[in-house]
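Sending over a structure as structure tokens; questions will come in a sec.
To find a chain, count down the sequence lines: A is the first, B the second, and so on, and within it residues start at 1. Note that these values count all heavy atoms, side chains included, but never hydrogens, waters or copies made by symmetry.
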Number of protein chains: 2
Amino acid sequence: MAHTNYNCNPGCPVEAALEVIGGKWKGVILYHLLSETMRFNELRRVMPEVTQRMLTKQLRELEADNLIARKVYPEVPPKVEYSMTEYGKTLTPVIHSLQQWGSRHLEEVAQRVADR
Amino acid sequence: MAHTNYNCNPGCPVEAALEVIGGKWKGVILYHLLSETMRFNELRRVMPEVTQRMLTKQLRELEADNLIARKVYPEVPPKVEYSMTEYGKTLTPVIHSLQQWGSRHLEEVAQRVADR
DNA sequence: TCCATTGGTATATAAAAAGATACTTTGTAT
DNA sequence: ATACAAAGTATCTTTTTATATACCAATGGA
């Protein structure tokens, strides 16, 4: 999925943004973390279809992009908290518009199915 | 990539939206078609890194989701125009916010590289 | 006559993403 | 002594994506 060149044309920023938030579960993760800091297993509970491996991977990628922060508490059993960074919070309007459109889209699709 | 259930929790509309526009090249395609109707090879020219097969595939998927319309002119050589549907145009604010954030993000990343 | 053009399709292959499953650590509770 | 908790890793397999390449039709131009 990685591009090498984003200076191709003015549409590329769109791809750049999608590359950062377009991972299979990143949208939902960001949505949840924008409303509150959460622990690893709390995230698992709100999205039970995601495997642990996938969740870990997506979280690490978001962390590498500086969108979320990972805080480990040296306890046993382990406690790890995930939260949005200040930079990550700049995604608020993006996630919000995706959620708005997505809601309407789900209704639209349900309608199309009903009309069938 | 297909989900089976979107009623899992309130973050799912975000995933629903990303599933529709998150294909590898869909963001750029939509960005371009939102500004003007374009022919197949015009699209190829503005995104030369995309293979013909991929472009065709992404266009067909967008068409199946009723976001774009495909109009074939019975001429030789063939002429096929792609344009946004009315429904597709409802994506305007989404693509716009992606583009805004993406632009800032590209600057941010360039800055991080410069500071290294 | 041969070549280029547009908008594709078909086939095979390679690379990347995702999934399933088992295992780890160290303390506390049973 | 055993089991469980949280937050992961490590492997292996399957599925999905993407690439490369060749091919097609009908027409206009050199």
Side-chain angles (χ1 to χ4, degrees), chain A residues 1-6 8 12 15 18-29 32-33 36-65 68-83, chain B residues 1-6 8 12 15-16 18-30 32-33 36-65 68-83:
Chain A
M1 190 90 162
H3 287 207
T4 45
N5 170 18
Y6 284 106
C8 44
C12 281
E15 276 308 306
L18 283 173
E19 202 151 307
V20 166
I21 66 169
K24 188 158 183 181
W25 304 102
K26 291 183 183 174
V28 224
I29 294 172
H32 287 295
L33 293 184
E36 55 173 338
T37 291
M38 290 176 90
R39 296 181 59 177
F40 186 80
N41 275 4
E42 286 185 284
L43 283 167
R44 290 195 71 186
R45 276 189 283 277
V46 294
M47 34 187 140
E49 336 82 269
V50 192
T51 62
Q52 191 170 37
R53 184 182 177 281
M54 261 294 108
L55 183 53
T56 303
K57 203 170 150 246
Q58 303 279 294
L59 287 168
R60 293 294 143 86
E61 288 176 16
L62 291 170
E63 194 192 356
D65 283 330
I68 67 174
R70 179 170 180 268
K71 184 171 181 185
V72 183
Y73 294 79
E75 303 174 1
V76 169
K79 176 176 174 181
V80 179
E81 275 183 0
Y82 291 94
S83 59
Chain B
M1 188 94 159
H3 289 208
T4 43
N5 171 17
Y6 285 105
C8 43
C12 281
E15 275 309 306
L18 283 173
E19 202 152 309
V20 166
I21 67 168
K24 187 159 183 182
W25 304 102
K26 291 183 183 175
V28 224
I29 293 172
L30 292 169
H32 287 295
L33 293 185
E36 55 173 337
T37 292
M38 290 176 90
R39 296 180 60 176
F40 186 79
N41 276 4
E42 285 185 283
L43 284 166
R44 289 194 72 185
R45 276 189 284 275
V46 294
M47 33 187 141
E49 336 82 90
V50 193
T51 61
Q52 188 170 40
R53 187 177 175 284
M54 261 295 110
L55 183 54
T56 303
K57 204 171 149 244
Q58 303 279 296
L59 287 168
R60 293 295 143 84
E61 288 176 17
L62 290 170
E63 194 192 355
D65 283 328
I68 66 174
R70 179 171 181 268
K71 184 171 184 188
V72 183
Y73 294 79
E75 301 173 5
V76 171
K79 176 175 174 180
V80 179
E81 276 183 358
Y82 291 93
S83 59

Rounded to the Å, how far apart are A:E42 CD and D:dA6 C1'?
12 Å
Note, B:I29 side chain near B:M47 side chain (heavy atom, < 4.5 Å):
yes
Checking C:dG8, D:dA7, C:dA18 against the side chain of B:F40 (C-beta onward), the nearest is C:dG8
Rounded to the nearest 0.5 Å, how far apart are CG of B:L59 and CG of B:L43?
6.0 Å
Spell out protein contact along nucleotides 20-30 of chain D as letters: B when the base is contacted, S when just the sugar-phosphate is, - when no protein heavy atom is under 4.0 Å; keep the 5' to 3' order.
B-----BS---
Listing, residues 70-82 of chain B side-chain donor-acceptor contacts under 3.5 Å, not counting sequence neighbours, or none:
unit_1, atom_1, unit_2, atom_2, d
B:R70, NE, B:Y82, OH, 3.2
B:Y73, OH, B:E81, OE1, 3.0

So how far is it from B:E42 CD to B:E36 CD, rounded to the nearest 0.5 Å?
6.5 Å
Pairwise distance OG1(B:T56) to CZ(B:R44) - rounded to 0.5 angstrom:
8.0 Å
On the nucleotide C:dG8, are OP1 or OP2 found under 4.0 Å from the side-chain N or O atoms that B:Y82 carries?
yes
Separation of C:dG8 atom P from B:M54 atom CE, nearest Å, is 15 Å
Name all residues meeting the side chain to side chain donor-acceptor pair (under 3.5 Å) criterion together with B:Q52; count only those two or more places apart in sequence or in a different chain, and write none if there are none.
none
B:K24 NZ to C:dA16 P, in whole Å, measures 9 Å
For D:dA7, does OP1 or OP2 lie under 4.0 Å from any side-chain N or O of A:R60?
no
Rounded to the nearest Å, what distance is computed from the CG atom of residue A:L55 to the C1' atom of nucleotide D:dA6?
13 Å
Side-chain heavy-atom pair B:F40, B:L55 within 4.5 angstrom cut-off:
yes
d(CD, A:E49; C1', C:dA20) in whole Å
16 Å
Expressed in angstrom and rounded to an integer, what is the separation of B:E61 atom CD from D:dA18 atom P?
9 Å
Rounded to whole angstroms, how far apart are NZ on A:K79 and P on D:dG8?
14 Å
What is the distance, rounded to the nearest whole Å, between atom CG of A:L59 and atom P of C:dA18?
14 Å
